[in-house]
Amino acid sequence: MIYDAAIIGGGAAGLFCAITAGRRGRKVVVLEHNPEVGRKILISGGGRCNFTNINTRPENFVSQNPHFAKSALAGFSPQDFVEIVQKHRIPYYEKTLGQLFCRDTSRSIVEMLLSECRAARVEVRTSCTINSVRGGDGFVIDTSGGEIRAKALVVACGGRSFPKIGATDLGYRLARQFGLEIIKTRPSLVAMILSKGASSTLAGVSMDAEVSTGKAHFRENILFTHRGLSGPAILQISNYWQKAKDIVLDLLPDEQEVDLLEHARNSNKTAVNFVAERLPRRFAEIYIAGRYPDLPLSKMKPDERAGFAHDLKHWSVRFRDTEGWDRAEVTLGGVSTDELSSQTMESKKVAGLYFIGEVVDVTGWLGGYTFQWAWAS
Ligand code: FDA
(Lines give C-alpha, C1' and ligand atoms only; values in the text may rest on other atoms or scores of the structure.)
Protein backbone atom coordinates (compact mmCIF):
# COMPACT_ATOMS: atom_id res chain seq x y z
CA MET A 1 0.00 0.00 0.00
CA ILE A 2 1.17 3.54 -0.69
CA TYR A 3 0.17 6.10 1.95
CA ASP A 4 -0.69 9.65 0.98
CA ALA A 5 1.49 10.80 3.88
CA ALA A 6 3.87 9.24 6.38
CA ILE A 7 4.52 11.39 9.45
CA ILE A 8 7.67 10.77 11.47
CA GLY A 9 7.05 11.69 15.12
CA GLY A 10 3.88 11.15 17.13
CA GLY A 11 4.14 14.32 19.19
CA ALA A 12 2.04 17.46 19.20
CA ALA A 13 2.73 18.56 15.62
CA GLY A 14 2.76 15.07 14.07
CA LEU A 15 -0.52 13.92 15.62
CA PHE A 16 -2.29 17.16 14.79
CA CYS A 17 -1.05 17.09 11.20
CA ALA A 18 -2.22 13.48 10.91
CA ILE A 19 -5.70 14.42 12.16
CA THR A 20 -5.94 17.32 9.70
CA ALA A 21 -4.82 15.22 6.72
CA GLY A 22 -6.95 12.25 7.81
CA ARG A 23 -10.04 14.46 8.03
CA ARG A 24 -9.39 15.47 4.42
CA GLY A 25 -9.61 11.82 3.44
CA ARG A 26 -5.87 11.20 3.11
CA LYS A 27 -4.41 7.81 4.03
CA VAL A 28 -1.97 8.68 6.79
CA VAL A 29 0.48 6.77 9.00
CA VAL A 30 2.27 8.18 12.06
CA LEU A 31 5.62 6.57 12.93
CA GLU A 32 6.67 6.98 16.56
CA HIS A 33 9.71 5.28 18.05
CA ASN A 34 8.53 5.49 21.66
CA PRO A 35 6.11 2.82 22.93
CA GLU A 36 3.49 5.59 23.32
CA VAL A 37 2.80 8.87 21.53
CA GLY A 38 2.93 12.36 23.01
CA ARG A 39 5.41 11.88 25.83
CA LYS A 40 6.38 15.55 25.85
CA ILE A 41 2.74 16.51 26.03
CA LEU A 42 2.39 14.23 29.06
CA ILE A 43 5.18 15.93 31.02
CA SER A 44 4.38 19.44 29.82
CA GLY A 45 3.08 22.20 32.08
CA GLY A 46 4.07 20.24 35.18
CA GLY A 47 1.71 17.43 34.09
CA ARG A 48 -1.15 19.81 33.23
CA CYS A 49 -0.12 20.79 29.66
CA ASN A 50 -0.22 24.50 28.96
CA PHE A 51 -1.72 23.66 25.57
CA THR A 52 -2.04 27.16 24.11
CA ASN A 53 -1.87 30.86 24.85
CA ILE A 54 -4.90 32.92 23.95
CA ASN A 55 -2.70 35.98 23.31
CA THR A 56 -0.52 34.25 20.69
CA ARG A 57 1.04 36.69 18.22
CA PRO A 58 3.88 36.23 15.72
CA GLU A 59 6.00 38.42 18.03
CA ASN A 60 5.96 35.61 20.62
CA PHE A 61 8.27 33.52 18.44
CA VAL A 62 12.00 33.65 17.77
CA SER A 63 13.29 32.78 14.30
CA GLN A 64 15.84 34.03 11.79
CA ASN A 65 12.76 35.09 9.82
CA PRO A 66 10.26 36.66 12.24
CA HIS A 67 7.57 36.77 9.52
CA PHE A 68 7.64 33.06 8.72
CA ALA A 69 5.21 31.93 11.43
CA LYS A 70 2.53 34.49 10.52
CA SER A 71 0.75 32.45 7.91
CA ALA A 72 0.38 29.27 9.95
CA LEU A 73 -0.59 31.18 13.10
CA ALA A 74 -3.25 33.10 11.16
CA GLY A 75 -4.60 29.87 9.70
CA PHE A 76 -5.13 28.14 13.04
CA SER A 77 -5.77 30.24 16.14
CA PRO A 78 -5.68 29.36 19.86
CA GLN A 79 -9.49 29.55 19.79
CA ASP A 80 -9.56 26.86 17.07
CA PHE A 81 -7.66 24.53 19.41
CA VAL A 82 -9.81 25.50 22.40
CA GLU A 83 -12.90 24.47 20.43
CA ILE A 84 -11.53 20.94 20.08
CA VAL A 85 -10.66 20.85 23.79
CA GLN A 86 -14.22 21.97 24.60
CA LYS A 87 -15.72 19.42 22.21
CA HIS A 88 -13.92 16.72 24.23
CA ARG A 89 -15.16 18.29 27.51
CA ILE A 90 -11.64 18.65 28.89
CA PRO A 91 -11.68 21.01 31.88
CA TYR A 92 -9.15 23.83 31.57
CA TYR A 93 -8.40 27.22 33.06
CA GLU A 94 -6.37 30.34 32.38
CA LYS A 95 -3.49 30.38 34.83
CA THR A 96 -1.91 33.72 33.99
CA LEU A 97 -0.94 35.85 30.96
CA GLY A 98 -3.30 33.98 28.62
CA GLN A 99 -1.84 30.54 29.43
CA LEU A 100 -4.46 27.77 29.20
CA PHE A 101 -3.80 24.64 31.28
CA CYS A 102 -5.69 21.38 31.74
CA ARG A 103 -7.41 21.32 35.10
CA ASP A 104 -6.73 17.58 35.50
CA THR A 105 -3.86 16.03 33.57
CA SER A 106 -2.01 16.37 30.29
CA ARG A 107 -3.08 12.85 29.43
CA SER A 108 -6.50 14.19 28.46
CA ILE A 109 -4.85 16.14 25.59
CA VAL A 110 -3.04 13.01 24.35
CA GLU A 111 -6.27 11.01 24.59
CA MET A 112 -8.10 13.76 22.72
CA LEU A 113 -5.53 13.64 19.91
CA LEU A 114 -5.67 9.84 19.74
CA SER A 115 -9.45 9.88 19.66
CA GLU A 116 -9.36 12.43 16.80
CA CYS A 117 -6.79 10.22 15.03
CA ARG A 118 -9.16 7.25 15.27
CA ALA A 119 -12.07 9.35 13.94
CA ALA A 120 -9.90 10.47 11.00
CA ARG A 121 -8.79 6.85 10.37
CA VAL A 122 -5.14 7.65 10.99
CA GLU A 123 -2.85 4.68 11.52
CA VAL A 124 -0.50 5.18 14.47
CA ARG A 125 2.50 2.88 14.78
CA THR A 126 4.44 3.05 18.05
CA SER A 127 7.79 1.39 18.94
CA CYS A 128 8.67 1.96 15.30
CA THR A 129 12.37 2.63 14.68
CA ILE A 130 13.30 4.53 11.54
CA ASN A 131 16.34 2.94 9.87
CA SER A 132 16.52 5.04 6.73
CA VAL A 133 14.52 7.26 4.42
CA ARG A 134 14.86 7.36 0.64
CA GLY A 135 13.40 10.01 -1.61
CA GLY A 136 12.78 9.95 -5.34
CA ASP A 137 9.33 9.23 -6.69
CA GLY A 138 7.63 9.56 -3.29
CA PHE A 139 9.36 8.29 -0.15
CA VAL A 140 10.42 4.89 1.12
CA ILE A 141 10.92 4.60 4.86
CA ASP A 142 12.75 1.54 6.15
CA THR A 143 11.44 0.88 9.67
CA SER A 144 11.70 -1.85 12.31
CA GLY A 145 8.21 -2.90 11.13
CA GLY A 146 9.12 -3.11 7.45
CA GLU A 147 9.17 -0.75 4.51
CA ILE A 148 6.61 2.04 4.24
CA ARG A 149 5.91 3.90 1.03
CA ALA A 150 4.28 7.33 0.96
CA LYS A 151 3.66 10.11 -1.53
CA ALA A 152 4.50 12.77 1.08
CA LEU A 153 6.78 12.71 4.10
CA VAL A 154 6.19 14.97 7.10
CA VAL A 155 9.08 15.30 9.54
CA ALA A 156 7.64 16.10 12.97
CA CYS A 157 10.39 14.68 15.20
CA GLY A 158 10.56 17.73 17.48
CA GLY A 159 13.71 19.19 18.99
CA ARG A 160 16.61 17.77 20.98
CA SER A 161 15.56 18.66 24.51
CA PHE A 162 14.73 15.93 27.03
CA PRO A 163 16.53 13.03 25.31
CA LYS A 164 15.47 10.78 28.22
CA ILE A 165 11.89 10.78 26.90
CA GLY A 166 12.91 10.04 23.35
CA ALA A 167 14.05 13.27 21.71
CA THR A 168 16.53 12.63 18.90
CA ASP A 169 18.21 14.61 16.16
CA LEU A 170 16.58 12.60 13.37
CA GLY A 171 14.69 15.63 12.03
CA TYR A 172 17.92 17.56 11.52
CA ARG A 173 19.67 14.54 9.99
CA LEU A 174 16.85 14.11 7.49
CA ALA A 175 16.96 17.82 6.67
CA ARG A 176 20.69 17.52 5.97
CA GLN A 177 20.21 14.34 3.94
CA PHE A 178 17.85 16.22 1.63
CA GLY A 179 20.19 19.23 1.43
CA LEU A 180 18.27 21.65 3.65
CA GLU A 181 20.10 24.24 5.74
CA ILE A 182 19.95 24.06 9.53
CA ILE A 183 20.15 27.10 11.80
CA LYS A 184 22.52 26.16 14.64
CA THR A 185 20.57 24.61 17.50
CA ARG A 186 20.95 25.15 21.24
CA PRO A 187 18.92 24.40 24.38
CA SER A 188 16.40 27.11 25.21
CA LEU A 189 13.60 28.01 27.63
CA VAL A 190 16.20 26.82 30.09
CA ALA A 191 17.89 27.77 33.38
CA MET A 192 21.21 29.58 32.95
CA ILE A 193 24.63 29.16 34.59
CA LEU A 194 26.32 32.35 35.82
CA SER A 195 29.89 33.10 34.68
CA LYS A 196 30.72 34.16 38.24
CA GLY A 197 29.02 35.03 41.49
CA ALA A 198 26.68 32.05 41.82
CA SER A 199 25.93 31.31 45.45
CA SER A 200 24.40 28.03 46.53
CA THR A 201 23.26 29.66 49.80
CA LEU A 202 20.84 31.73 47.70
CA ALA A 203 19.37 28.70 45.92
CA GLY A 204 15.60 28.71 46.22
CA VAL A 205 15.21 32.48 46.66
CA SER A 206 12.83 33.98 44.12
CA MET A 207 11.69 37.49 43.30
CA ASP A 208 9.87 39.53 40.71
CA ALA A 209 12.17 41.23 38.17
CA GLU A 210 12.24 42.70 34.71
CA VAL A 211 14.90 40.88 32.70
CA SER A 212 16.17 42.26 29.41
CA THR A 213 18.67 41.98 26.60
CA GLY A 214 18.54 44.14 23.49
CA LYS A 215 14.88 44.79 22.73
CA ALA A 216 13.60 41.68 24.52
CA HIS A 217 12.30 42.12 28.05
CA PHE A 218 10.17 39.99 30.36
CA ARG A 219 8.69 40.74 33.75
CA GLU A 220 8.13 37.58 35.75
CA ASN A 221 9.81 35.75 38.62
CA ILE A 222 13.50 34.89 38.75
CA LEU A 223 14.75 32.01 40.89
CA PHE A 224 18.28 31.56 42.24
CA THR A 225 19.74 28.08 41.69
CA HIS A 226 23.00 26.48 42.84
CA ARG A 227 24.76 27.48 39.62
CA GLY A 228 22.86 30.50 38.41
CA LEU A 229 19.34 31.64 37.68
CA SER A 230 16.07 30.10 36.60
CA GLY A 231 12.39 31.03 36.88
CA PRO A 232 10.00 32.11 34.12
CA ALA A 233 11.72 35.45 33.35
CA ILE A 234 15.09 33.72 32.88
CA LEU A 235 13.60 30.92 30.76
CA GLN A 236 11.98 33.56 28.55
CA ILE A 237 15.19 35.56 28.11
CA SER A 238 17.16 32.37 27.33
CA ASN A 239 15.54 32.47 23.86
CA TYR A 240 17.38 35.77 23.26
CA TRP A 241 20.63 35.12 25.15
CA GLN A 242 23.93 35.74 23.38
CA LYS A 243 27.05 34.42 25.05
CA ALA A 244 29.11 37.60 24.89
CA LYS A 245 26.32 39.88 26.10
CA ASP A 246 25.13 40.72 29.60
CA ILE A 247 21.55 40.17 30.68
CA VAL A 248 20.20 43.11 32.65
CA LEU A 249 17.90 42.65 35.64
CA ASP A 250 15.71 45.40 37.00
CA LEU A 251 15.24 44.17 40.56
CA LEU A 252 12.73 46.86 41.53
CA PRO A 253 10.58 47.24 38.41
CA ASP A 254 7.86 49.19 40.24
CA GLU A 255 10.21 51.96 41.39
CA GLN A 256 11.75 54.61 39.16
CA GLU A 257 15.49 55.10 39.57
CA VAL A 258 15.05 58.81 40.52
CA ASP A 259 12.55 57.91 43.25
CA LEU A 260 14.77 55.14 44.52
CA LEU A 261 17.70 57.55 44.72
CA GLU A 262 15.55 60.11 46.53
CA HIS A 263 14.45 57.48 49.08
CA ALA A 264 18.05 56.39 49.53
CA ARG A 265 19.20 59.99 50.06
CA ASN A 266 16.75 60.34 52.94
CA SER A 267 17.28 56.88 54.42
CA ASN A 268 19.14 56.10 57.62
CA LYS A 269 19.25 52.44 56.69
CA THR A 270 22.30 50.63 55.36
CA ALA A 271 22.22 49.34 51.78
CA VAL A 272 21.50 45.83 53.09
CA ASN A 273 18.55 46.88 55.24
CA PHE A 274 17.19 49.20 52.56
CA VAL A 275 17.20 46.33 50.04
CA ALA A 276 15.86 43.83 52.61
CA GLU A 277 12.77 46.03 52.97
CA ARG A 278 12.03 45.50 49.27
CA LEU A 279 13.60 42.17 48.31
CA PRO A 280 14.26 38.88 50.15
CA ARG A 281 16.66 39.44 53.07
CA ARG A 282 18.83 36.49 52.03
CA PHE A 283 19.50 38.22 48.71
CA ALA A 284 20.35 41.48 50.46
CA GLU A 285 22.73 39.78 52.88
CA ILE A 286 24.57 37.79 50.23
CA TYR A 287 24.58 40.06 47.20
CA ILE A 288 24.41 43.56 48.65
CA ALA A 289 26.62 43.22 51.74
CA GLY A 290 30.23 44.03 50.92
CA ARG A 291 29.43 45.87 47.69
CA TYR A 292 28.63 49.20 49.30
CA PRO A 293 29.97 50.97 52.42
CA ASP A 294 28.39 49.81 55.67
CA LEU A 295 26.91 53.25 56.35
CA PRO A 296 23.42 54.76 56.43
CA LEU A 297 22.58 55.56 52.81
CA SER A 298 22.11 59.24 53.68
CA LYS A 299 25.80 59.33 54.71
CA MET A 300 27.12 57.64 51.57
CA LYS A 301 28.98 59.67 48.93
CA PRO A 302 26.47 60.84 46.26
CA ASP A 303 28.19 58.92 43.46
CA GLU A 304 28.21 55.70 45.55
CA ARG A 305 24.53 56.17 46.33
CA ALA A 306 23.77 56.79 42.65
CA GLY A 307 25.71 53.62 41.78
CA PHE A 308 23.69 51.68 44.35
CA ALA A 309 20.33 52.86 42.88
CA HIS A 310 21.60 52.26 39.35
CA ASP A 311 22.74 48.71 40.20
CA LEU A 312 19.31 47.77 41.56
CA LYS A 313 17.69 48.94 38.33
CA HIS A 314 20.40 47.61 35.98
CA TRP A 315 21.91 44.51 37.59
CA SER A 316 24.14 43.10 34.84
CA VAL A 317 24.86 39.40 34.82
CA ARG A 318 26.89 37.32 32.39
CA PHE A 319 25.91 33.71 31.77
CA ARG A 320 28.50 31.07 30.93
CA ASP A 321 26.10 28.51 29.52
CA THR A 322 22.64 26.99 29.70
CA GLU A 323 21.77 24.03 31.91
CA GLY A 324 21.67 21.94 28.72
CA TRP A 325 19.42 19.57 26.80
CA ASP A 326 18.33 17.60 29.87
CA ARG A 327 16.74 20.70 31.39
CA ALA A 328 15.67 22.75 28.35
CA GLU A 329 12.01 22.88 27.35
CA VAL A 330 12.79 23.54 23.70
CA THR A 331 15.39 23.76 20.95
CA LEU A 332 16.30 27.14 19.53
CA GLY A 333 17.20 27.05 15.82
CA GLY A 334 16.43 24.14 13.51
CA VAL A 335 15.47 23.68 9.87
CA SER A 336 15.92 27.05 8.19
CA THR A 337 12.66 28.76 7.31
CA ASP A 338 14.32 29.84 4.02
CA GLU A 339 14.00 26.21 2.95
CA LEU A 340 10.23 25.96 3.55
CA SER A 341 7.04 27.46 2.20
CA SER A 342 5.37 29.40 5.00
CA GLN A 343 1.96 28.54 3.47
CA THR A 344 2.41 24.76 3.39
CA MET A 345 5.63 23.94 5.30
CA GLU A 346 6.79 22.02 2.22
CA SER A 347 10.47 22.02 1.32
CA LYS A 348 11.24 24.33 -1.60
CA LYS A 349 13.89 21.87 -2.81
CA VAL A 350 12.17 18.51 -2.38
CA ALA A 351 8.55 18.16 -3.46
CA GLY A 352 6.40 16.27 -0.95
CA LEU A 353 8.81 16.76 1.97
CA TYR A 354 7.43 18.78 4.92
CA PHE A 355 8.86 19.94 8.26
CA ILE A 356 6.56 21.04 11.10
CA GLY A 357 6.65 21.84 14.81
CA GLU A 358 9.74 22.38 16.89
CA VAL A 359 12.19 20.90 14.37
CA VAL A 360 11.72 24.12 12.36
CA ASP A 361 13.60 27.31 13.28
CA VAL A 362 10.57 28.83 15.01
CA THR A 363 10.74 28.86 18.81
CA GLY A 364 7.90 30.06 20.99
CA TRP A 365 8.07 31.85 24.30
CA LEU A 366 7.28 30.06 27.52
CA GLY A 367 3.53 29.93 28.15
CA GLY A 368 1.78 27.65 25.66
CA TYR A 369 3.23 29.25 22.52
CA THR A 370 5.32 26.29 21.40
CA PHE A 371 2.29 24.00 21.44
CA GLN A 372 0.29 26.59 19.50
CA TRP A 373 3.06 26.53 16.89
CA ALA A 374 2.96 22.71 16.83
CA TRP A 375 -0.81 22.68 16.20
CA ALA A 376 -0.73 25.57 13.71
CA SER A 377 2.27 24.48 11.65
P1 FDA B 1 7.39 16.62 20.14
O2 FDA B 1 8.64 16.51 20.91
O3 FDA B 1 6.12 16.87 20.86
O4 FDA B 1 7.16 15.32 19.26
C5 FDA B 1 8.20 14.72 18.53
C6 FDA B 1 7.93 13.23 18.48
O7 FDA B 1 8.86 12.62 17.61
C8 FDA B 1 8.09 12.58 19.83
O9 FDA B 1 6.98 11.78 20.13
C10 FDA B 1 9.35 11.76 19.69
O11 FDA B 1 9.37 10.59 20.48
C12 FDA B 1 9.32 11.43 18.21
N13 FDA B 1 10.64 11.12 17.68
C14 FDA B 1 11.80 11.76 17.95
N15 FDA B 1 12.81 11.15 17.33
C16 FDA B 1 12.27 10.10 16.64
C17 FDA B 1 12.83 9.08 15.82
N18 FDA B 1 14.15 9.01 15.61
N19 FDA B 1 11.99 8.17 15.28
C20 FDA B 1 10.66 8.24 15.52
N21 FDA B 1 10.08 9.15 16.32
C22 FDA B 1 10.88 10.08 16.85
N23 FDA B 1 5.21 23.82 25.47
C24 FDA B 1 4.05 24.51 25.71
O25 FDA B 1 3.54 25.18 24.80
N26 FDA B 1 3.44 24.39 26.92
C27 FDA B 1 3.96 23.66 27.96
O28 FDA B 1 3.35 23.53 29.03
C29 FDA B 1 5.21 23.01 27.73
N30 FDA B 1 5.83 22.33 28.74
C31 FDA B 1 6.98 21.64 28.50
C32 FDA B 1 7.61 20.97 29.56
C33 FDA B 1 8.78 20.24 29.31
C34 FDA B 1 9.46 19.55 30.46
C35 FDA B 1 9.32 20.21 28.00
C36 FDA B 1 10.56 19.41 27.70
C37 FDA B 1 8.71 20.89 26.97
C38 FDA B 1 7.55 21.64 27.20
N39 FDA B 1 6.94 22.36 26.18
C40 FDA B 1 5.78 23.07 26.45
C41 FDA B 1 7.46 22.34 24.80
C42 FDA B 1 6.61 21.39 23.95
O43 FDA B 1 6.53 20.13 24.59
C44 FDA B 1 7.21 21.21 22.56
O45 FDA B 1 7.51 22.48 22.01
C46 FDA B 1 6.27 20.48 21.64
O47 FDA B 1 6.02 19.18 22.16
C48 FDA B 1 6.84 20.37 20.25
O49 FDA B 1 5.98 19.57 19.47
P50 FDA B 1 6.60 18.66 18.31
O51 FDA B 1 5.49 17.80 17.85
O52 FDA B 1 7.32 19.49 17.35
O53 FDA B 1 7.66 17.75 19.05
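In each ligand, atom 1 is the first atom listed, and ligand 1 is the first ligand listed.
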Does ligand 1 have any N/O pairs with the protein under 3.5 Å, and how far apart?
{"unit_1": "ligand 1", "atom_1": "3 (O)", "unit_2": "A12", "atom_2": "N", "d": "3.4"}
{"unit_1": "ligand 1", "atom_1": "9 (O)", "unit_2": "E32", "atom_2": "OE1", "d": "2.5"}
{"unit_1": "ligand 1", "atom_1": "9 (O)", "unit_2": "E32", "atom_2": "OE2", "d": "3.4"}
{"unit_1": "ligand 1", "atom_1": "11 (O)", "unit_2": "E32", "atom_2": "OE1", "d": "3.4"}
{"unit_1": "ligand 1", "atom_1": "11 (O)", "unit_2": "E32", "atom_2": "OE2", "d": "2.7"}
{"unit_1": "ligand 1", "atom_1": "11 (O)", "unit_2": "H33", "atom_2": "NE2", "d": "3.4"}
{"unit_1": "ligand 1", "atom_1": "11 (O)", "unit_2": "N34", "atom_2": "ND2", "d": "3.2"}
{"unit_1": "ligand 1", "atom_1": "15 (N)", "unit_2": "T168", "atom_2": "OG1", "d": "2.7"}
{"unit_1": "ligand 1", "atom_1": "18 (N)", "unit_2": "T168", "atom_2": "OG1", "d": "3.2"}
{"unit_1": "ligand 1", "atom_1": "21 (N)", "unit_2": "H33", "atom_2": "N", "d": "3.3"}
{"unit_1": "ligand 1", "atom_1": "23 (N)", "unit_2": "T370", "atom_2": "OG1", "d": "2.7"}
{"unit_1": "ligand 1", "atom_1": "25 (O)", "unit_2": "T370", "atom_2": "OG1", "d": "3.1"}
{"unit_1": "ligand 1", "atom_1": "25 (O)", "unit_2": "F371", "atom_2": "N", "d": "2.9"}
{"unit_1": "ligand 1", "atom_1": "26 (N)", "unit_2": "N50", "atom_2": "O", "d": "2.9"}
{"unit_1": "ligand 1", "atom_1": "28 (O)", "unit_2": "G45", "atom_2": "N", "d": "3.0"}
{"unit_1": "ligand 1", "atom_1": "28 (O)", "unit_2": "N50", "atom_2": "N", "d": "3.2"}
{"unit_1": "ligand 1", "atom_1": "30 (N)", "unit_2": "G45", "atom_2": "N", "d": "3.2"}
{"unit_1": "ligand 1", "atom_1": "45 (O)", "unit_2": "E358", "atom_2": "OE1", "d": "2.7"}
{"unit_1": "ligand 1", "atom_1": "45 (O)", "unit_2": "T370", "atom_2": "OG1", "d": "3.1"}
{"unit_1": "ligand 1", "atom_1": "51 (O)", "unit_2": "A12", "atom_2": "N", "d": "3.1"}
{"unit_1": "ligand 1", "atom_1": "51 (O)", "unit_2": "A13", "atom_2": "N", "d": "2.8"}
{"unit_1": "ligand 1", "atom_1": "52 (O)", "unit_2": "E358", "atom_2": "N", "d": "2.8"}

Handout entry: Salt-bridge present (D326, K164; N to O < 4.0 Å)
Key = no
Handout entry: Set of side-chain hydrogen bond (donor to acceptor under 3.5 Å, both in side chains) partners for T370, sequence neighbours left out
Key = none
Handout entry: D254/R219 ion pair, N-O < 4.0 Å
Key = yes
Handout entry: Rounded distance (nearest 0.5 Å) linking atom CG of L194 with atom CG of L229
Key = 5.0 Å
Problem - Between W373 and Y369, ring centroids under 6.0 Å - result: no
Practice task
Assess the pair F283 and F224: is the distance between their ring centroids shorter than 6.0 Å?
Solution key: yes
